[in-house]
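This report concerns only the one structure given below.
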Number of protein chains: 2
Amino acid sequence: MNATTRPNALIAVRERRTRAGTQEKLDHVLASAADLIAEKGFEATSMRDVSAAVGISLAGLYHYFESKEELLYQLQYRTFRSLLETQEAIAAQPGTREERFRRLIIGHLTFFADHASEHQACTFELKSLTGERYETVEALRRRYYRLMTSVVAELRDGGVTATESKEARHAALFIFGMLNWVFMWYSASRYGPMEQMGEEMVDLVLHGLRGTGAEGT
Amino acid sequence: MNATTRPNALIAVRERRTRAGTQEKLDHVLASAADLIAEKGFEATSMRDVSAAVGISLAGLYHYFESKEELLYQLQYRTFRSLLETQEAIAAQPGTREERFRRLIIGHLTFFADHASEHQACTFELKSLTGERYETVEALRRRYYRLMTSVVAELRDGGVTATESKEARHAALFIFGMLNWVFMWYSASRYGPMEQMGEEMVDLVLHGLRGTGAEGT
DNA sequence: TCAGTGATCGAACGTTCGTTCGATGAATAG
DNA sequence: CTATTCATCGAACGAACGTTCGATCACTGA
């Protein structure tokens, strides 16, 4: 049972003893790496770039991550894990279907507005992970997709069908496109707070382009 | 006036005399490169990969493209140019606002369904271009954005306002998200023809999640 | 106090990368 | 027919990459 080759060691990487402050430094490395990856892409970001940005030596970086892919895996895994916790808590709160949908949309947007670099690194570097690491992150992603799809299907199908309709599942995928594409162009200074962006998106999805007119100038 | 350093030589690369079949081979190289870039990403795709996939030598590749970035530029420029021609022709055809909107949505989806690799290379490798090459492609992208936004604004604002409303511009960006995200998960065998996907998307955008109910099972 | 180990480092290894060079067929214009 | 240009190639260059190694410090538990 070797620690480096044990197949299920992906999650419990930090189980061995560490000195105080090590976890914080690891988080700092991941945050800096996310910024670099968001700016230049994962392949174009070298371990030397990361080591320079975070202020430790190249060899020292390998004390925290056994490989470059492991670094990206940790980044994606922690981000999705945190998003899922946040959104599942939001989905569990009481309220009408519309209210739950609205809270999830705004929850997604505000979460990634606070983690813009992580969003880029998670969205555009999907296939930079391989094998078990890819599957583990993909499982999280699927779980999040199912959460959102169930809420969309409640809205579209009226909560009367046992299984989601094909159109509802497609609509959920369309909505994911809106949610994630926002970060291709959004900036708070040009577009105002993300919460209002979420309100506009909810209005579009609930009522269509002609809308209720309630949000007019 | 050196051909390699002249600033405006980006478009008219093929102005010098070529032998018969050269243009076809150039297109073939770009198509193969698009497949590789879509599969592995631009940075991870080496010139050696491209040369092997297309069956010419590494040095021979540099007869067609002066650099790796020029190859990506040609790929993106030609793709957007072709998309713009197609969609501007569609937008010019007669019909109601709803019909024009529907034709453009389906036009976008079917164009990239036929050019899936090019879509990935154009969407996820934006910032792999630099300087003038980036600006040239970005100008095409903006032109396409304005075309779509004007049609969305006609629908949302009822064609009565001289300038597009903020909400209409945001809605157009949301719709771009749907349109482009489709290719993250779409496959014809699992989801059926892209035309129907477009119909469902148009219904969602026009009437919202509760919709008209006309497309029910 | 002192062994053990967590944390960090400079230097190097082997590989792959984008690009260039000089040479050689193959087509074409005069 | 011949000079020119297009098209193609093998080989190489220098740089950058991910990763490893062995050696130090600096804590920490007994």
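Throughout, a chain's letter reflects where its sequence line sits, starting with A, and its residues are numbered from 1.
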Exercise for the section: Evaluate the criterion salt bridge (charged side-chain N to carboxylate O under 4.0 Å, His left out) for residue pair B:E118 and B:R78; output intermediate values, then yes/no. Expected result: CA-CA 10 Å; B:E118 284 82 354; B:R78 284 158 184 254; over 6 Å; no

Closer than 4.0 Å, any side-chain N/O of [X] to the OP1 or OP2 of [N]?
X     : N      : answer
A:S46 : D:dC17 : yes
B:T22 : D:dA7  : yes
B:Y64 : D:dT8  : yes
A:K25 : C:dA7  : no
A:H63 : C:dA7  : yes

Give the rounded distance in Å between these two atoms: [atom1] of [X] and [atom2] of [N].
X     : N      : atom1 : atom2 : value
A:L71 : D:dT19 : CG    : P     : 10 Å
B:Q23 : D:dC6  : CD    : P     : 15 Å
B:E43 : D:dA16 : CD    : C1'   : 12 Å
A:E70 : D:dT19 : CD    : P     : 11 Å
B:F65 : D:dT8  : CZ    : P     : 12 Å

Problem - Residue mapping more 5' on DNA chain C - nearest nucleotide basis, A:I56 or B:R48 - result: A:I56

Exercise for the section: Report the residue (B:G60 or A:D49) whose heavy-atom-nearest nucleotide on DNA chain D is the more 5′ of the two. Expected result: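 Comparing both residues, the 5'-ward one is B:G60.
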
Exercise for the section: Would you name the heavy atoms of A:I90 and A:R103 that are closest together and state the gap between them? Expected result: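 Minimum heavy-atom separation between A:I90 and A:R103: O-NH2, 3.3 Å.
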
Practice task
Scan side-chain atoms only and decide if A:T130 and A:E69 contain a donor-acceptor pair under the 3.5 Å cut-off.
Solution key: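 Short answer, yes.
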
Practice task
Indicate whether any N or O donor in one side chain lies under 3.5 Å from an N or O acceptor in the other, for A:D49 and A:S46.
Solution key: yes

Atom pairs under 3.5 Å: protein N/O with N/O of nucleotides 20-29 of chain C:
none

Completion exercise
Closest of D:dT8, D:dG18, C:dT8 to the A:K68 side chain is D:dG18

Practice task
When you get a sec, tell me which of D:dT8, C:dG10, D:dT19 is the closest nucleotide to the side chain of A:S57?
Solution key: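 Nearest to the side-chain atoms of A:S57, counting from C-beta on, is C:dG10.
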
Exercise for the section: Would you check, one step at a time, whether the test salt bridge (charged side-chain N to carboxylate O under 4.0 Å, His left out) holds for B:E99 with B:R102? Expected result: CA-CA 5 Å; B:E99 284 167 357; B:R102 182 180 301 261; over 6 Å; no

Practice task
Determine the contact category for B:S51: base if any of its heavy atoms lies under 4.0 Å from a base atom, sugar-phosphate if only primed atoms, P, OP1 or OP2 are that close, otherwise nothing.
Solution key: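 Counting heavy atoms under 4.0 Å across all strands, no contact is made by B:S51.
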
Fill in the blank from the handout: ring pair (Phe, Tyr, Trp, His ring centres under 6.0 Å) test vs A:H119 passes for just one of A:F80, A:F183, A:F124, namely A:F183

Problem - B:L83 vs B:H115 side-chain heavy atoms within contact, under 4.5 Å - result: no

